Amino acid sequence: MSVLIIVFLTAVVALFSGVFEQGKFARYIGILGLIIALYVSFLPECSFFEQYRHMYEYGPNTALFTKISIVTTLLLFFLGGFAFSNHRSHQSELYALMLFALCGGITLFGFQNMVTLFLGVEILSIPLYVMAGANKTDLRSNEASIKYFLMGAFATGFLLFGIAFIYGSAGSFDLYKIHDFGTANPTNVMFILGVLLILCALAFKVALAPFHMWSPDVYYGAPSLITAFMASVVKISGFFALFRLMTIGFAGVTHDWINVLGVFLIITLLLANVMGLAQTNAKRMLAYSSVSHAGYIGLVFFGMTSLSTYNLAFYLFAYSLSTVGVFMCLIWVEKLKRETSFGAFKGLAKSEPLLATTAAISMLSMAGVPLTAGFMGKFALFSQAMNGAAFLVLVAVLGSALSIAYYLRLIIAMFFFKETTFKTSEKVTLTYNIVAVLIIASIIILGVFPDLFAKQFGL
């Protein structure tokens, strides 16, 4: 909980820094606060917070996913100086909202109680509704904000109805008491209905089909840095919350929800990858790519072992690195061209080879090409799922094969056009180059030496 408090205070200070110099210090305040929070996340939890353990527990798994989300947010903050150059009058609010959303994510990593789950989901979601509409003069951004808000309200309704059914049957909000009730009463209709309603609500948060319909439009309309945050940090938070809830609270009725989740994954893997092939815009393609990765991550629920949590963490970290790598390229191209079609990327490798290489390696990692972190993440999840759902693995392999096609379209546009369309003297900043090198090195090193992940994150 110490980390949560540090991130919250950083968000408050960043917000009020907007009073001075149009908030130009907010980014630096956020970076400093995140570095301090990352350092504290490696320390033992303060004994003072033991009294709140029935609501929030900062255990090893909570610490692991907190570190991953902070590292990802930190990388996005480093990109913010260029990405938010059009939002100088309210950039402090955007940085503060990102940090408030991160507070919601950290809450979801350690919730012990259904009330804490609800608070975490809402603290995570409400800032996103605002950030999606940050481009006030852009109709697509306005549409993204309204659509995300309305669909999010429906999902919240599902979540609250589900929690009400669970409480009505189990008589408690505590995860472990709910687990005991489910184990003792596996045929209780009200309890099972509550489980399915909550599954649908959280499927919306992680963009599992058929609850993904908001995702392409919201990702496309939101500012690109916010889209990267939603595709990485929000997905990390949502998936671990779903994993924690299903494997602790609802483990007693696994047979009732696991088949429903399997159907969601099949629809997700096939629909998202087919729709990704049909896109002509890189940002929308990445939106469907994000949906498809929700399908791959969902395989963690099948054939579970003692390493399932670690496999989930590794995949989410590898995917987040790749997401930041692709979006930093997209942000730069969008600023220069004011569009994100595949044609806008033609010849990028001629003028900015490092940026193009980062995007290419990131997409190859997303596709699961060997010697990348993404390959090792997929290999671990697929190997695990083979023990319980071989058919799902087959569908996932087919989806991965389809994804290579739409990733290659962007790679071809960047590298295989002789003439560059970037007739500008503006060059990528030193910060972007440093982040690019870090991402390339991390993806390749973790692809060759995956055990380094455990060592670096204190496992």
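Please read all numbers here as calculations on a predicted model, not as lab measurements.
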* Asked: Please walk me through it: do Phe250 and Ile166 pass side chain to side chain contact (heavy atoms under 4.5 Å, CB included)?
  -> CA-CA 10 Å; Phe250 301 150; Ile166 295 296; 3.8 Å; yes
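- Leu364 has its side chain within reach of Ile411: a pair of non-hydrogen atoms, C-beta onward, lies under 4.5 Å apart.
- Among residues at least two apart or in separate chains, there is no ring-ring contact (aromatic ring centres under 6.0 Å, His included) pair with a member in residues 270-290.
- Closest approach of Ala134 and Pro223 over heavy atoms only: CB-CG, 3.8 Å.
- Applying the 6.0 Å contact sphere to CZ of Phe161 captures no more than 12 heavy atoms from other residues, nucleotides or ligands.
- Side-chain contact check for Val3 versus Ile70: some heavy-atom pair is nearer than 4.5 Å.
- Listed for the Thr254 side chain is a donor-acceptor partner under 3.5 Å among the backbone atoms of Ala251.
- A donor-acceptor contact shorter than 3.5 Å links the side chain of Thr183 to the backbone of His179.
- A distance of 5.0 Å separates CG in Asn61 from CZ in Phe240, rounded to the nearest 0.5 Å.
- Aromatic ring pairs are classed by plane angle as parallel below 30°, tilted from 30° to 60° and perpendicular above 60°; the pair Phe301 and Trp257 is perpendicular.
- In this structure, Gly249 and Ile178 approach most closely via the heavy-atom pair O-CG2, 3.6 Å.
- For His293 and Tyr296, the gap between ring centers is short of 6.0 Å.
- With hydrogens and angles disregarded, a donor-acceptor distance shorter than 3.5 Å links the side chain of Thr62 to the backbone of Glu57.
- Looking only at side-chain heavy atoms (C-beta outward), Phe229 and Leu128 come within less than 4.5 Å of each other.
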Donor-acceptor list for residues 386-403 side chains, cut-off 3.5 Å, not counting sequence neighbours:
unit_1	atom_1	unit_2	atom_2	d
Ser400	OG	Lys378	NZ	3.0
Ser400	OG	Ala396	O	3.2
Ser403	OG	Ser400	O	2.6

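- Here Asp217 pairs with Glu143, Lys147, Arg284 under the side-chain contact (heavy atoms from CB on, under 4.5 Å) rule; sequence neighbours left out.
- Not a single donor-acceptor pair under 3.5 Å links the side chain of Thr431 to the backbone N or O of Phe78.
- Both tests pass for Lys67 against the ring of Phe42: distance under 6.0 Å to the centre and angle within 45° of the axis.
- Considering Ile331, Val333, Asn281 in turn, Asn281 is the only one that fulfils the side chain to side chain contact (heavy atoms under 4.5 Å, CB included) rule with Thr340.
- The closest side-chain donor-acceptor pair between Ser322 and Ser365 falls under 3.5 angstrom.
- The backbone N or O of Ala282 sits nowhere less than 3.5 Å from a side-chain atom of Arg409 that would complete a donor-acceptor pair.
- Judged purely by atom type and a 3.5 angstrom limit, Thr268 uses its side chain to pair as donor or acceptor with the backbone of Ala209.
- Rounded to the nearest 0.5 Å, atoms OH (Tyr95) and OG1 (Thr73) are 13.0 Å apart.
- Counting heavy-atom neighbours within 6.0 Å of Leu9 CG, excluding the residue itself, gives a total above 12.
- Residue Asn433 forms a side chain to side chain contact (heavy atoms under 4.5 Å, CB included) with just one option from Leu355, Leu438, Thr358, Leu354, and that option is Leu354.
- Atom OG1 of Thr323 is separated from atom CG of Leu330 by 12.0 Å, given to the nearest 0.5 angstrom.
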* side chain to side chain contact (heavy atoms under 4.5 Å, CB included) between Gln112 and Thr116, intermediate numbers included -> CA-CA 7 Å; Gln112 292 285 89; Thr116 314; over 6 Å; no
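- The aromatic rings of Trp214 and Tyr219 lie perpendicular to each other, with more than 60° between the two planes, well past the 30° mark.
- The two residues Ala360 and Phe415 come nearest to each other via the heavy atoms CB-CE1, 3.7 Å.
- Taking CZ of Phe243 as the reference point, atom CD1 of Ile297 lies at 12.5 Å (rounded to 0.5 Å).
- Interatomic distance, Leu94 CG to Met98 CE, rounded to the nearest 0.5 Å: 8.5 Å.
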* Take Leu108 and Phe65, measure what side chain to side chain contact (heavy atoms under 4.5 Å, CB included) needs, and give me the verdict at the end. => CA-CA 10 Å; Leu108 289 176; Phe65 284 87; over 6 Å; no
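- Taking a 6.0 Å sphere around CZ of Phe158, one finds it holds 12 or fewer heavy atoms contributed by other residues, nucleotides or ligands.
- For residues 291-303, no residue pair satisfies the salt bridge (Lys or Arg N to Asp or Glu O under 4.0 Å) rule, not counting sequence neighbours.
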Only distances under 3.5 Å count here; give the side-chain donor-acceptor pairs of residues 190-208 to other protein atoms, sequence neighbours excluded, each with its distance to 0.1 Å.
unit_1	atom_1	unit_2	atom_2	d
Lys205	NZ	Ser125	OG	2.9

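- Taking each heavy atom of Tyr220 and Lys283 in turn, the nearest pair found is O-NZ, 3.3 Å.
- Side-chain atoms of Ser289 and Tyr407 include a donor-acceptor pair closer than 3.5 Å.
- To the nearest 0.5 Å, atom CE of residue Met363 and atom CD1 of residue Ile404 are 12.5 Å apart.
- Side-chain contact, Gln384 with Ser308: a donor N or O sits under 3.5 Å from an acceptor N or O.
- Closest of all the heavy-atom pairs between Ser292 and Tyr406 is OG-OH, 3.8 Å.
- Sorted by first and then second residue, the ring-ring contact (aromatic ring centres under 6.0 Å, His included) pairs involving residues 259-285 (not counting sequence neighbours) are Phe211-Phe264.
- Considering every non-hydrogen atom in both Ala14 and Leu99, the closest pair reads CB-CD1, 4.4 Å.
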* To do: Take Ser69 and Phe109 through the side chain to side chain contact (heavy atoms under 4.5 Å, CB included) test and state the conclusion after the steps.
  => CA-CA 10 Å; Ser69 62; Phe109 296 143; 3.4 Å; yes
